[in-house]
Structure formats: C-alpha cells, structure tokens
Amino acid sequence: MDPVVKYILDRSRELNPSIVEWRRDFHMHPELAYQERRTASIVAGKLREWGYEVATGIAETGVVGLLRGGDSGGTIALRADMDALPLEELNDVPYKSRVKGVMHACGHDAHTAMLLGAARILSEIRNRLRGNVKLIFQPAEEGGNGAERMVREGVLEDPHVDVIYGIHVWSLLESGKIGLREGPILAAVGVIEIEVKGKGGHGAYPHTCIDPIVAGSSIVSNLQSIVSRNLDPLEPGVVSICSFQAGRAFNVIPEKAVLKGTYRALTKEALSLIRRRIREIAGKTCEAYDVECSIRVEDRTPPTINEPQATRFARKVLAEAFGEDALTEIKPSMGGEDFAFYLEKVPGAFINLGTGNPAKKTNMPHHSPWFDVDEDVLYMGAAIHSLLAYRFLSSRGRNARL
Ligand code: NI
C-alpha cells in the first residue's frame, strides 16, 4: 500500500477522538443558517493553527482554508456545511444541544468535524501534495442556498477549482458504508406558495360567500394529476402541499386560504414541466371557483448531478483504501442539496457516508428530533476527504487529466 495512503488511514483512526470532541462541541452549540459565527471562528482558528491561508466572512459566515501544494497538480476543493435546524432535540445525551429550539439534526456538525480532521491530516502531509487543497466550510445549506452565495463570492476561483467533493453522513445507510452514484443523486427543488382570496361570511350562508377553502382543496387535489398524468412515468417527480392555512372558527367562511408546498424532479426539464403545470392548474382552478389568487412557483436548487469521471475516480480511490465491500451504489433521493451549485460549475461528486446503526439508535431519519450519528465511523469522513485530495493531486501532477 502507498505509504501516504496508509498514513492517512492510520492517522484518521487516531484522530477519531478529536473529531468526536469537535463534533460534540458543535452539536452542543448549534447555529442556524447565516448565524454560524461561533462555528466559523473555531474552524478558522484551527485552520490558521495548521498553516492554512484562511478567508472568513464569505457569504456572511463561510470560511475557506487554502493549502498551497508543490508543483501545480491543480486544485481540489472539499466541502462541509455548518448550519443547524430550528427544532428541539429530544435525545438524552451528554452532548445534547444547549440552544433551545436549535439542533444539528442533519449531521452538519459531523461534516464540519470530519473536514477539520482532513484539514489536520492534509497539513501533516502537505509536502506530499502536488497541488492545492481548498477547504470550503459553507453556511446555510438548509434552505438558505449558502453554496450559491459562496460560488457567487468566488470560492471556486483563485485558484480555480478543478474538482470538488462533499460528504453527507446518512442515517438510513448502514454505518461505515460509502454510498456512491454517477449522475443525478438529489432532486431539483422548487417552492410553491398560493394565496386564494374569496369572500368571507357566515358558514350557514355559503351562497353569500366565495369559499377559499373549497377552491384551495380543489387545487390540492388537481395538482396530484401533474405527476400521475403529465410527467413521463419513468421520470421521478414530486408535488407536495405541506401547509394549508385558512379560517379559525367552525362557523365562519374565511376570506382567504394560503397553501405552501414543494415540487421536485431529478432533471431541470421535468422541474420546469411541473412548475408550468402547477401555475396552469392552480390558475384555472381559481378561475373555476371564482376566487382571486396569487401564485408563486419558484425553482430554488438545481439537481445534484455527480459527474461520472469524478465519481468513478472516487470509487477507485475509496475501493482501494476501504475495500470493495465498503462501497455501495445508492439510489437517487428526492431530497435537495445546495452542493448542486458547485457541481453546476465544476466536476465532482457528493458522497454518502453511512452512520446508521440500530444498536446505537443512529438510524433515525434526518431532521428528526431523535437524529444522531454513529461517531465511531467519523474518521472515515476525514479519510475519504484526505484520500481524494492526495490521489487527485497526484494523478494531476503526472497527467493533467482527471
Ligand atoms: Ni444535510
């Protein structure tokens, strides 16, 4: 085995207690999107200590660490997200969130800690790196499109990023498994907001009113035909109305109803078909019920599409290091991920690291108040990042192709 690969594997295991300690600290002090100041300052402090050139305040709270390597085998970027979610943790653990109503329920605390682990290892082998490593710690993955702002503020340039990798811990994947897939792996996401305006009045005299609830209900039902009747059955799509707010009393027909939801697809074409049909169907339904409506249907995040060559490269590197058995082909999911914005600009791949272990109850769904990660495998995240960086820069050093 290549001695540097062996060093990375041994060192990552050795660093697991530190990675766990960092993760627990972030877990106890979760911060919402664009408020990751404490997390960012800890990250920046460690990167400086380990000899990185550090830039802070990118997209408000983002941090980028740059390690300049020897001969230019190009630049690899590795990314972690730092934000938590607005929910109350129900786990009874010593490292339980100390911030009321805020919790790391998606594992971004682990992502930040694993990338710090890699930062440490890469700084120790910097003389063996044939190019640059850029570590991107971004804010606001959860609905805030922090990645889009990081890209707009230039994180993929100066030096130009040739390839990018990101890891997401995954509770529904067996602990220690590495999930990979070429092509689309996460959905393009759109947001729906429809306001239906009728004419309120007494529930006993509907004929004197224009009922926005009946019109709104009809919109919810009619939208179901988009995926079943308009979209190619072989093409995945989702239309979900997740919030319907109208009225307060049992005998009052309200003035208006507000519907909120999301639409998703794995391709931009399917997404735009769904978007167009939501607008048409909601508009015509409102016309039929004689209500006024304002319809906002907006694409938020593009699909996350793993570039085939970069994915195959990762598969080869990780199979060599962890064995074929550790790798598994994952199915695409209709969740969204702003890592998509990086992949729109440069090749790369988004990799899942399984952290689901029923014996440790770390197989709860993401965004659940019971979510937790199997900390014993976090070293793998640090190793994956480091191995990809070392191998990619070595391959580029010899030959300027991925
Ligand atoms: Ni997440």
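Quick note: residue numbers are just sequence positions, from 1. When a ligand or atom number is given, it counts from 1 through the structure's own listing order.
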Going through the checks in order, is the side-chain hydrogen bond (donor to acceptor under 3.5 Å, both in side chains) test met by Glu89 and Tyr95?
CA-CA 11 Å; Glu89 174 154 25; Tyr95 50 90; over 6 Å; no

Just do the side-chain hydrogen bond (donor to acceptor under 3.5 Å, both in side chains) check on Tyr7 and Asp2 with the steps written out, would you?
CA-CA 9 Å; Tyr7 179 83; Asp2 178 307; over 6 Å; no

Worked verdict on Ser294 versus Arg296 for side-chain hydrogen bond (donor to acceptor under 3.5 Å, both in side chains):
CA-CA 7 Å; Ser294 73; Arg296 204 167 64 88; over 6 Å; no

Can a salt bridge be assigned to the pair Arg315 and Glu182 using a cut-off of 4.0 Å between side-chain N and carboxylate O?
yes

Is it true that Tyr289 and Asp211 share a donor-acceptor pair across their side chains at a distance under 3.5 Å?
no

Relative to the Ni ion (ligand 1), how many protein N, O or S atoms have a separation of less than 2.8 Å?
3

Taking C-beta and beyond as the side chain, do Tyr34 and Arg149 meet within less than 4.5 Å on heavy atoms?
yes

